[in-house]
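Any value given below was found using the heavy atoms of this structure, including those in side chains, with hydrogens, waters and symmetry copies removed. Each chain gets a letter, A, B and so on, in the order its sequence line appears, and its residues count up from 1.
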Protein chains: 4
Amino acid sequence: MGSGKKRIEKRKSEHIKIALSRDVAGREITTGLEKYRFLHQALPEINFSDISLSVSFLGKPLSAPFLISSMTGGTEEAFNINKNLALAAQERGWAMGLGSVRAAIENPATAYTFHIRTYAPDIPILANLGAVQLNYGYGADHCRRAVELTEADALVFHLNSMQEAFQPGGDTRFKGLLRRMEEICRVLEVPVGVKEVGWGIDGSLARRLFDIGVAFVDVAGAGGTSWIQVEKHRTEDSVMKAAAEAFADWGIPTSECIVEARREIPGGFLIASGGLKNGVDAAKAIALGADLAGFGRSLLPAAVSSAEEIARRLKQIELEMKIAMFGIGTVNVRELKGTDRICNIGERPF
Amino acid sequence: MGSGKKRIEKRKSEHIKIALSRDVAGREITTGLEKYRFLHQALPEINFSDISLSVSFLGKPLSAPFLISSMTGGTEEAFNINKNLALAAQERGWAMGLGSVRAAIENPATAYTFHIRTYAPDIPILANLGAVQLNYGYGADHCRRAVELTEADALVFHLNSMQEAFQPGGDTRFKGLLRRMEEICRVLEVPVGVKEVGWGIDGSLARRLFDIGVAFVDVAGAGGTSWIQVEKHRTEDSVMKAAAEAFADWGIPTSECIVEARREIPGGFLIASGGLKNGVDAAKAIALGADLAGFGRSLLPAAVSSAEEIARRLKQIELEMKIAMFGIGTVNVRELKGTDRICNIGERPF
Amino acid sequence: MGSGKKRIEKRKSEHIKIALSRDVAGREITTGLEKYRFLHQALPEINFSDISLSVSFLGKPLSAPFLISSMTGGTEEAFNINKNLALAAQERGWAMGLGSVRAAIENPATAYTFHIRTYAPDIPILANLGAVQLNYGYGADHCRRAVELTEADALVFHLNSMQEAFQPGGDTRFKGLLRRMEEICRVLEVPVGVKEVGWGIDGSLARRLFDIGVAFVDVAGAGGTSWIQVEKHRTEDSVMKAAAEAFADWGIPTSECIVEARREIPGGFLIASGGLKNGVDAAKAIALGADLAGFGRSLLPAAVSSAEEIARRLKQIELEMKIAMFGIGTVNVRELKGTDRICNIGERPF
Amino acid sequence: MGSGKKRIEKRKSEHIKIALSRDVAGREITTGLEKYRFLHQALPEINFSDISLSVSFLGKPLSAPFLISSMTGGTEEAFNINKNLALAAQERGWAMGLGSVRAAIENPATAYTFHIRTYAPDIPILANLGAVQLNYGYGADHCRRAVELTEADALVFHLNSMQEAFQPGGDTRFKGLLRRMEEICRVLEVPVGVKEVGWGIDGSLARRLFDIGVAFVDVAGAGGTSWIQVEKHRTEDSVMKAAAEAFADWGIPTSECIVEARREIPGGFLIASGGLKNGVDAAKAIALGADLAGFGRSLLPAAVSSAEEIARRLKQIELEMKIAMFGIGTVNVRELKGTDRICNIGERPF
Ligand SMILES: Cc1cc2nc3c(=O)[nH]c(=O)nc-3n(C[C@H](O)[C@H](O)[C@H](O)COP(=O)(O)O)c2cc1C
Ligand SMILES: Cc1cc2nc3c(=O)[nH]c(=O)nc-3n(C[C@H](O)[C@H](O)[C@H](O)COP(=O)(O)O)c2cc1C
Ligand SMILES: Cc1cc2nc3c(=O)[nH]c(=O)nc-3n(C[C@H](O)[C@H](O)[C@H](O)COP(=O)(O)O)c2cc1C
Ligand SMILES: Cc1cc2nc3c(=O)[nH]c(=O)nc-3n(C[C@H](O)[C@H](O)[C@H](O)COP(=O)(O)O)c2cc1C
C-alpha cells in the first residue's frame, strides 16, 4: 500500500513536470474553435464599462463564467500550485476544480494539499475522483470523504478511459459505471458533475449523464492537452511510445462537443473546456452554448510561479472575454449565450 | 488640455510610424477577395482605349472610382502626407478622406494640416470624426467646424470600437450612437457617411445606417490593416500585447461586407475598403457591388515620399483596374458593377 | 528458361531491397483513412480485458482480424522473411499471404522458400499468383500446384496491371481474365480470392468478382506502397523514370475502395489493405466495412530482422486496435464492424 | 517598317529565351486537372498492345490525339525549333501549329522559317495569326497568304487580349472581331480555328465561335505559361512589373474551359491545351471532353535540342497516355472520351 501511495505521488509530480516542459498537445486535431468567427458589430451600442461577466454556479455567484480545471494535489509542489490557484480564484471570483482526491483518501497525510478552502472561502470548489474507481472498491463513503476533505461544493467524476489504457497497469474496468454514478448522484449530499480529461463527451453521453442525475457536465474535449502524449513522455516502453503516435489525433474537438451537447440537452449546465487558450476562445465556447469555460494546462506556468502571476493571467482572460463581448455588442453572459453573431467560417455563403 | 492635445499628436505620429515600418496585418484573416476570380473573356469586343473609369461622387465627377482612405492630420509630418495625397488625388481625379479632424478642433493651431483644399480644389474631400466623440461632448457644431476647417464635401464618422478598447484610456462609451448620428444627419449641411477602420460593417448595420439618413457607407473590412496590431506595437503593457494576439483574426473580411451590404441595401452608395492591394482587388470589390474602392495604408509609403510618387501609385492602380476590365470585356464602371464574369472559386462546379 | 528464372529471382530481391530502403510511397495520394475519425466514447461501459479480436477466416479461427499481405518467396532471403513472418503469424494467430508462387513453379528448386506450413501449422495461408499468368499459359493445374507446394488454404490472384505496364517486358495481356478466373474458381479445390497490389479494387469490380465465385476480395488500395515507384527505382530508362512521376498519384485510396466495395457487396468477405500503418488504421478499415485488415510493406523491416521482432510488431498492432475499440466502447470485431462511432471529418456539421 | 519588323523579331527571340529560362508560370492558379483523378480499373480486360491512340484531324489521320501548340517562327533560331518540331511531329504522327505568321507577311525574307511542310509532308499543319490583326489592316488576303506560305491545312486565330494589354504599344482594339472572324470563316479556302494563348476560352465564347463557323476551338487555358509573366520579364517599366504581379493568377483553368466548352458545344471539335505536363494530363483532358490535347512550352527545351530529343519527348507523352488508358481499361480514344472512370476528387462521397 505504501508503495501504491508513493506510485501515485510520483506519477502526479511527473504529470506536472511533463505538462510544464514537454509538448503534450495532440496532433492533427484542434479544438475546432478556430473554425468559428465572431461577426464584428461595428456599432456595439453599449458602454465597455457596463459589460458584466457575472454568473452563478452551484448557488454561488461568480465574477466571471470561468473555472480552473481539475489538475493537481497530493504533493508539496501540488499544494503550492493549488494554493496559488485558490488565492487567485478567490480574488477574481472564479470556480476551481481540484485534482483527483484519491491521493488524499489513500494517504491522509497528503490531505492538506487539497484543503484550499482556507484560501478561497467564497468560491465554488469541486472535488474530483476518477469514475472508474467506483469499479475498484470506491463507494458513496469515499465520495463523501473526498467532499469533506476539500470542503467542496460538488464532486466531479472524471472519465479517462484512454489515459488508463495507456498507463501501465491502468484501471480499465469501465463496465457498469453509469449505474454506479447514478447511485452516487442519488445518495450524495452535494451535486455531482462529470468531466472528461481531454477527449471529449459527446451529445448523446451528455444526455445520458443528465438522465442519471448529474448536475453539470464538463466536455473537456480534444485540441488541448492530450494525456496520451503525457503518458508517452513518461513511458520507456517502445510499444507504448509507438502506440501513442497512432492515437495522437484521438478525441472529439471541444467545439463539436459543445454544439452537440447543447443540442441534446438544451437546459443542462454545460462546462466547455479542453484547449481553451484565451478569453476569445472562452467567449466562443459560451456563444456556442456553454455555461462556463474551463482552463487547465495553460494556467500551469503562472500557477507554479505565484498567486499574483496567476491572478494576472485570470484577469487577462477576463479582459479578452470582455473585449470580445464589446466587439459583438453583448453586455452580459446571457446575451453572449444567445448571440447570433458567431458563425462557422466554412458555412459563410461567400 | 495641452497635454491632451500633445497626447493626440504623439499618438498620431506613432500610428504613422508603426503603419510604415511594422507588421500591422491581421493573422489568419484575409480580405476574402482572393476567393473570387474574374472569368477571363478571351474576346472582349472592346478597345482598350475606350475604357473609362469615370464615376461621380457627392455630385462631383471622379476620373476613377477610387478613394484615398482617411488617414492622417494634426502634425507637420501629417500635413506633408496630406498635401502629397491631395496633389495626387487632384491630378488623378480621386476622392480623398482626411484623418480625424478632432486634433484640429481641440488644437486649432494644427488646422492647417487638414486644409488641403488649396491643393485639391476640384475633388470630393471627406472630413472625418470618431462617432464615439458624440458621446463625449461633440455635437452638430463640432461637426460643422470639422467640415468648415477642411472645406469638405461630406463628413464621415468612423466606428472604431475595438481600437478604443485596445487603446489605454480609450473612449469606449458606444451606447446610443445611432440616435446621435441620426441627429447629425438631419441637421448637418453636408452629407454624412459612416466607415469602420478595418473590422468591417455588416449588411444589417449598413441597412440601419441608411435608415437613419447616412449618404454612404464605407465597409472598411478586415484583411488589411489591423488597428489592434498597431496598438500592440505601441503598448508596453504585456497584458494588452497578449490580448492583441487573441484578436489577431478579428473582423469581417472585406469581401463578405461588400456582398452582404449590397444585398441589404441594393441602392445605397457603398465604398469598399480594407486591405485592397491593387487595381484587380478594387475591380473585384466593384464587381461584387461596391460603388467606390478605398485604399489606405498601402498608399502611405508613396505618400510619405512625394506627390509624384503617390500620383504614380494611383496611376498604377487605375491601369490595373483598366486591364482587369479589358480582361472581362467591360468598358465602364457601370458594366463592371453589373458583370457576371466574377465567381467564387469554391462554388465553381468543376 | 534458366535466365528467365534468374530474372524473376533478381527482380524479387531488388523489390525487397527497394521496398526496404527507398521511398516507394505514392505522392499526392493517401489511404483516405486520415479523413475518418473515431468518435470517442468517454464512457465505454466495457472492461479492456474483455475485448476480443478473434474472428474466423477460411474456416479457421484467427486471434485477430489481420493478414500479412502477400510479399515474397523465391530466394534464400525471401525464405528467411517468410519463415519469420510465419513464426510470428502462428504465434499471434494472424493469416498470412505468400508472394507469387510462380517462382517455385518455374524453378522447383526454390519451392522450399514458400513452404512455411512447417512453421505455421494452424493459420490460414494464402498461395498467390498473378491473374495475368492465366493469359500466359497457366491453368488449373498450375494453380493446384501453387496450392500444394504451399499447403495453402486458398489461392489469391493478384491484379497488377500497372506494375506490368511499368515493368520492362511486362505481361500486359489482360483481356478475358474474368472468364479465366471464373473457370479456376469452379474447378479448384480450395477457395479463390482476388487482390490488387496497391491501386485498389473498386465496388463494381468487387461485385463482378463475387459474381464469378471468388471467396474473398482484398482491395489493396492506394496510399501505401506504389509499385510504379518501386519500378522507377529499378529502371535506368529515363522515359520510364519520367513516366513514373506522371503516375505517382495513381490509384483508388484504400478507404474509398472499402466503402464502395462494402456498399456493392453487403455480404462478401472483404479484406482491407494498402497503406495501413497501425492498429488504428486497421480499426477504421474494419469499422468502414472490412472483415480483415492486411499489412504489407510496413512489416518488412521487422520481418527481415527476426521472428521475435516481427511478433512484437504484430502485437503492437493488436494492442492499438484494442485501445481503439476501448476508446469507442466496442468489445469485439462484430461490434466494431457495425459501429456508428466513426465519421468522415469533412461531413461533420460543425 | 524595317524597325517594325526588327521589333517583331527581337520580341520573338526574347519570348523564346524567357520561356526557356525564366519562371513564366502563373501563381495561385493551376490547370485544375490535378482536381481530377482516374478511377483505376484493376481488371482492364484489354491487352496493352491493342491500345490505339489514332484519331483524325482536318481530314488527316493522326497517330495520337496530340498537337504541338503554336509557338514560333520568324528568326533563324525559330526555324531550327520549327524544323525539329516538324520532323518529330511527322515521325510520331502529331499535328503541329506554327507561331504567328505575321512576321513572314511583314518580312517575306523570314518566310522560310515557317515553311516546314518539307519536313512534315503528311501531318496537319496550322498557320497562325493574331485575331486582333483583323482590326489593324489584315483581311482575307493576308489570311490566305499565311496559309499559302506555310502550306497549312487550317488557319488558327489566337486571342491574346491580356498579352497585348501588357505589351508596350500592344494592339488592343478588340472591338468587332467576332464579325471579322466570321467573314474570314466564310471566304477562306481552309478551315479556321480559334485559340487563346493561356487564359482560356469559356463555354459561352466557344459556342459563339462555332456559331460563326469556326472548325475547331483550342481553349489554351490557364495553369501553364502565363504571357503576363513573360512580358514581366521583358519590361523595364516598374509599373508594368508591379501590374504583372496583380495578374499572376488571371485566367480560366484549363480543366474548367474543357468541361464548360464541351457542355456548351457537344459536337464541336475541341482542343485542350494550357499547362499540360504529360500524357496523364492529356488523357484527363480528353476524358473530360477534348478531341485533341496540345502541348506548348513544355516541349521547348527538347525542341531546341534536336529532332531526336523532341521525338523522344513526344513518344514519352504517348506512352504515358497509353498507360493511363490501360489503367482504366480503355482501348482507343473514342472509349477514353466516353469514359466514366474519371472523377472530381472533391465530389467523391467519401
Ligand atoms: C497536470 C494535469 C493534471 C490533471 N489532473 C487531472 C485530474 O486529476 N482530474 C481530472 O479530472 N482532470 C485532470 N486533468 C485534466 C484537466 O482537468 C483538463 O480536462 C485537460 O487538461 C484538458 O484541458 P486543457 O487543454 O485546458 O489542459 C489534468 C490536467 C493536467 C494538465
Ligand atoms: C496610419 C493610419 C491612420 C488612420 N487614421 C484614421 C482616421 O483618423 N480615421 C479613420 O476613419 N480611419 C483611419 N484609418 C483607417 C483607414 O481609413 C482604413 O479604414 C483602414 O486602414 C483599412 O484600410 P487599409 O487596409 O487599406 O489600410 C487609418 C489608417 C492608417 C493606416
Ligand atoms: C516487397 C513486396 C513484394 C510484394 N509482392 C507481392 C506478390 O508477390 N504478390 C502480391 O499479390 N502482392 C505483392 N505485394 C503487394 C502487397 O501484397 C500489398 O498489396 C501492397 O504492398 C500494398 O500494401 P502495403 O501498402 O501495406 O504495402 C508486394 C509488396 C511488397 C512491398
Ligand atoms: C515561346 C512561346 C511562343 C508562343 N507563340 C505563340 C504564337 O505565336 N501564337 C499563338 O497562338 N500562341 C503562341 N504561344 C502560346 C501557346 O500556343 C500556348 O497556347 C500557351 O503557351 C499555353 O500552353 P502551354 O502552357 O502548354 O505552354 C506561344 C507560347 C510560347 C511558350
Side-chain angles (χ1 to χ4, degrees), chain A residues 28-29 32 35-36 131 135 158-162 164-166 170-179 181 194-197 199-202 204-206 208-209 219-222 228 238-240 242-253 255-260 263 288 344 346-347, chain C residues 30 33-51 276-284 293 295 298 301-302 308-331 339-350:
Chain A
E28 309 288 320
I29 189 157
K35 291 191 199 134
Y36 290 87
N135 270 349
H158 65 256
L159 302 173
N160 65 339
S161 55
M162 293 306 256
E164 297 291 348
F166 270 89
D171 298 331
T172 53
R173 296 211 312 270
F174 272 70
K175 198 165 182 170
L177 286 183
L178 195 68
R179 287 297 135 249
M181 289 193 288
V194 174
K195 73 186 284 286
E196 238 286 342
V197 300
W199 294 289
I201 289 176
D202 70 352
S204 116
L205 177 58
R208 286 193 292 148
L209 290 170
V219 298
I228 294 173
S238 68
V239 168
M240 273 304 179
E245 299 297 328
F247 286 85
D249 68 349
W250 192 268
I252 309 179
S255 65
E256 299 188 13
C257 295
I258 304 168
V259 173
E260 261 204 358
R263 193 178 299 165
L288 292 175
N344 187 315
E347 286 170 9
Chain C
T30 62
L33 291 167
E34 74 288 349
K35 292 191 198 134
Y36 290 88
R37 185 191 292 151
F38 278 118
L39 286 169
H40 178 65
Q41 169 54 276
L43 195 61
E45 291 275 329
I46 58 174
N47 298 336
F48 191 88
S49 57
D50 292 341
I51 296 174
L276 306 190
K277 291 181 315 291
N278 53 45
V280 181
D281 277 350
K284 286 182 184 174
F295 289 82
S298 69
E308 289 70 37
E309 195 65 37
I310 180 70
R312 230 183 334 261
R313 183 91 181 78
L314 303 194
K315 207 171 144 189
Q316 161 142 25
I317 292 169
E318 293 163 24
L319 174 68
E320 290 161 348
M321 173 98 153
K322 277 191 181 170
I323 298 179
M325 288 169 70
F326 188 58
I328 61 167
T330 53
V331 81
T339 188
D340 58 1
R341 296 199 78 84
I342 188 165
C343 67
N344 187 316
I345 297 174
E347 286 169 10
R348 293 281 281 178
F350 7 69

Max heavy-atom pair count under 4.5 Å with chain C, selected residue of A/G346, A/A242, A/S255
A/A242

Who wins among C/R312, C/E320, C/K322 for the most heavy-atom pairs under 4.5 Å with chain A?
C/E320

If the threshold is 4.0 Å, N to carboxylate O, is there a salt bridge linking C/R37 and A/E256?
yes

Would you say that C/T330 contacts C/M325 through its side chain, given a criterion of any heavy-atom pair below 4.5 Å between the two side chains?
yes

Give, as side chain, backbone, both or neither, the part of C/I46 having an atom under 4.5 angstrom from any heavy atom of chain A.
backbone

Of the listed A/M162, A/R179, A/R173, the one with the largest count of heavy-atom pairs under 4.5 Å with chain C is A/R173

With the threshold set at 4.0 Å, does a side-chain nitrogen-carboxylate oxygen contact exist between C/K277 and C/E34?
no

Structural part of C/D50 lying under 4.5 Å from a heavy atom of chain A:
side chain

Can you tell me which of C/R313, C/K315, C/R341 forms the most heavy-atom pairs within a distance under 4.5 Å of chain A?
C/R341

Winner by heavy-atom pair count (cut-off under 4.5 Å) against chain C, out of A/L205, A/N160, A/I201
A/L205

Please check this pair: side chain of A/D249 against backbone of A/I29, looking for a donor-acceptor N/O pair closer than 3.5 Å.
no

With chain C, the option among A/D202, A/N344, A/V197, A/L288 that has the most non-hydrogen atom pairs under 4.5 Å is A/D202

Could you tell me how the ring of C/F38 sits relative to the ring of A/W250: parallel (under 30°), tilted (30 to 60°) or perpendicular (over 60°)?
tilted

Is it the side chain or the backbone of C/Q41 that comes within 4.5 Å of chain A heavy atoms, both, or neither?
both

